[in-house]
Amino acid sequence: MHPWKRIRRLPFYLLVGFCFLLTAWWIYFQVRASHQIEESRLQAVQAHTHEALVDFAPVIRRQTDPTERRVGIDKILVDEYPELELISDAEAGSNEARLAPFLSKEDPLHDLVVRVRPSTIEGIQKDARSTRLMFFTEGGTFLIVLLVGAFLFYRSVSRELALHAQHELFLRSATHELKTPLAALKLGLQSLAQDRMDPERSKGYLELLEGQVDRLEFEIENMLLIAEGREKELEMQPGNPAEDVTAVIDEFAARAQAREVELELSGEGHSLLVMRDPLTFRQTLRNLLDNAIKYSPLGETVRIEIRKQGRQATISIKDAGPGVPHSEREKIFDKFFRGQTGSSDALGGTGLGLFFAAETMQAHRGSIRLEHDDGPGSCFTLTLPLLDSAASEEAR
């Protein structure tokens, strides 16, 4: 990983660490407070045993009959101390509140002890466990919310930085793409203005200048179409995709010849009928064919095949270039994306062609995909839904 990427992620790591520390501190504080509350409640109910002895004293002094005395004590426990109970001394611990100091040894109640009911202690402990579980759950939820927020913040910042980098790359590429044909046009016009060339050479210069004008128009058209966005109204018309392909091949014939690249058309496109917007669909074909010619070595062949697959018309354009690296195949249809290879930089491009192609095919309810084969070159396949028979007759 590049060092600047690690530095860019440092604030995110610090934010995540802060989230963990903040949540851990909050959980620790709340759990500690929960233990203190549990201890205080246990001590409070334990203190009630001694308070109960004080309330028993008048009953013990007033009632001489042990049975009546026991009834009076039980009534006080039921009415005022439901969390306490009377047990025999044999079942009690060393710190329990005993009735012995108030009674003689011969009294039947002498060996009784007041203690907190086990169910009361268990209820206090259960409440404390529930409270601590609630704190852990709330802390975990709070941590998840913080982490999700931190992740969204990081992704947002990363996207902004990536978009900024893409815009910078686009501006550099667009400037190069527009200045290169302008420079060639200027040089050619200056050469023609000197009027020192023979007619044959002048004709060659004019063809070269015409190609540069086409290239300039091609890139400007791409930028204008992208700038219009998805809201652009498509003028859908029925037509044969083979006619569109043939028209675009004719446009690129001179450019392919100049690069010594052969354009080979095959398939069964003569009988197919689809709905498409001729302007944007042909621009998509231009983008793909321009890339195929640009990346194919001298003397190679670009193969264009039109065929029917089920209820779809498919157009495949395969070049003999270096192909698309596996690491870039998921990004090639992104806006402004250009490969990081040296050949990509040398051959230019604005990173809008394939993005425009994907947007166009989606608007046509079709698709574009890069075929993943192991051979050399790249193969892009366009698909368009065919018109059914009724629609075909109506279109004709």
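For this chain, numbers begin at 1 and follow the sequence in order.
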Can you hop from [X] to [Y] via hydrophobic side chains spaced under 4.5 Å?
X: F151; Y: I144; value: yes
X: V59; Y: V114; value: yes
X: L265; Y: V261; value: yes
X: Y13; Y: L143; value: yes
X: F20; Y: I27; value: no

What's the separation between atom [atom1] in [X] and atom [atom2] in [Y], rounded to the nearest 0.5 Å?
X: N240; Y: R276; atom1: CG; atom2: CZ; answer: 8.0 Å
X: K318; Y: F380; atom1: NZ; atom2: CZ; answer: 11.0 Å
X: L42; Y: Q125; atom1: CG; atom2: CD; answer: 6.0 Å
X: L386; Y: S271; atom1: CG; atom2: OG; answer: 9.0 Å
X: I60; Y: I73; atom1: CD1; atom2: CD1; answer: 4.5 Å
X: F135; Y: S130; atom1: CZ; atom2: OG; answer: 11.5 Å

Heavy-atom pair of closest approach, residues [X] and [Y]:
X: C379; Y: S316; result: SG-CB, 4.1 Å
X: A313; Y: V274; result: CB-CG1, 4.0 Å
X: I306; Y: A242; result: CD1-CA, 3.6 Å
X: I87; Y: R115; result: CD1-CD, 3.3 Å
X: L272; Y: K308; result: CD2-CB, 3.8 Å
X: I293; Y: A256; result: CD1-CB, 3.9 Å

Can you list everything that forms a ring pair (Phe, Tyr, Trp, His ring centres under 6.0 Å) with F142? Sequence neighbours excluded, please. none

Less than 4.0 angstrom from a charged side-chain N to a carboxylate O is my criterion; do [X] and [Y] meet it?
X: D290; Y: K294; answer: yes
X: K75; Y: D79; answer: yes
X: R303; Y: E264; answer: yes
X: E371; Y: R369; answer: yes

Checking the side chain of [X] only, and the main-chain atoms of [Y] only, is there a donor and an acceptor separated by less than 3.5 Å?
X: T49; Y: V45; answer: no
X: R259; Y: S296; answer: yes
X: S156; Y: L152; answer: no
X: D319; Y: G377; answer: no

Can you find a pair of side-chain heavy atoms, one from [X] and one from [Y], that are under 4.5 Å apart?
X: F252; Y: L285; value: no
X: Q30; Y: F136; value: no
X: L354; Y: N287; value: no
X: V113; Y: L86; value: no
X: I304; Y: I249; value: yes
X: L387; Y: M275; value: yes
X: R70; Y: L109; value: yes
X: F281; Y: L382; value: yes

Does atom CD of E122 have more than 12 heavy-atom neighbours, drawn from other residues, nucleotides or ligands, at distances under 6.0 Å? no

Do other residues, nucleotides or ligands put more than 12 heavy atoms under 6.0 Å from Q36 CD? yes

Verify salt bridge (charged side-chain N to carboxylate O under 4.0 Å, His left out) between R117 and E83, making sure each step is shown before the conclusion. CA-CA 6 Å; R117 293 179 182 273; E83 72 276 12; over 6 Å; no

Can T120 and L84 be said to form a side chain to side chain contact (heavy atoms under 4.5 Å, CB included), step by step? CA-CA 8 Å; T120 301; L84 305 180; over 6 Å; no

So R69 and F56, side chain to side chain contact (heavy atoms under 4.5 Å, CB included) or not? Walk me through it. CA-CA 9 Å; R69 193 181 298 149; F56 294 162; over 6 Å; no

side-chain hydrogen bond (donor to acceptor under 3.5 Å, both in side chains) between T383 and S367, intermediate numbers included: CA-CA 5 Å; T383 63; S367 66; 2.4 Å; yes

One pair to check against salt bridge (charged side-chain N to carboxylate O under 4.0 Å, His left out): E305 and R307. What are the steps and the verdict? CA-CA 7 Å; E305 182 181 7; R307 61 185 182 276; 3.4 Å; yes

Using the rule given for salt bridge (charged side-chain N to carboxylate O under 4.0 Å, His left out), can you reason through D127 versus R41, listing the C-alpha separation, both sets of side-chain angles and the distance that settles it, and then say yes or no? CA-CA 11 Å; D127 290 344; R41 290 185 64 188; 3.6 Å; yes

L146 and F18: CA distance, side-chain angles, deciding distance, side chain to side chain contact (heavy atoms under 4.5 Å, CB included) verdict: CA-CA 10 Å; L146 286 177; F18 175 74; over 6 Å; no

Does either side chain, that of T314 or that of T381, offer a donor lying less than 3.5 Å from an acceptor on the other one? no

I'd like to know whether H364 forms a side chain to side chain contact (heavy atoms under 4.5 Å, CB included) with T280, so could you lay out the CA-CA distance, the side-chain angles of the two residues, the decisive distance to 0.1 Å, and finally the verdict. CA-CA 10 Å; H364 282 72; T280 57; 3.4 Å; yes

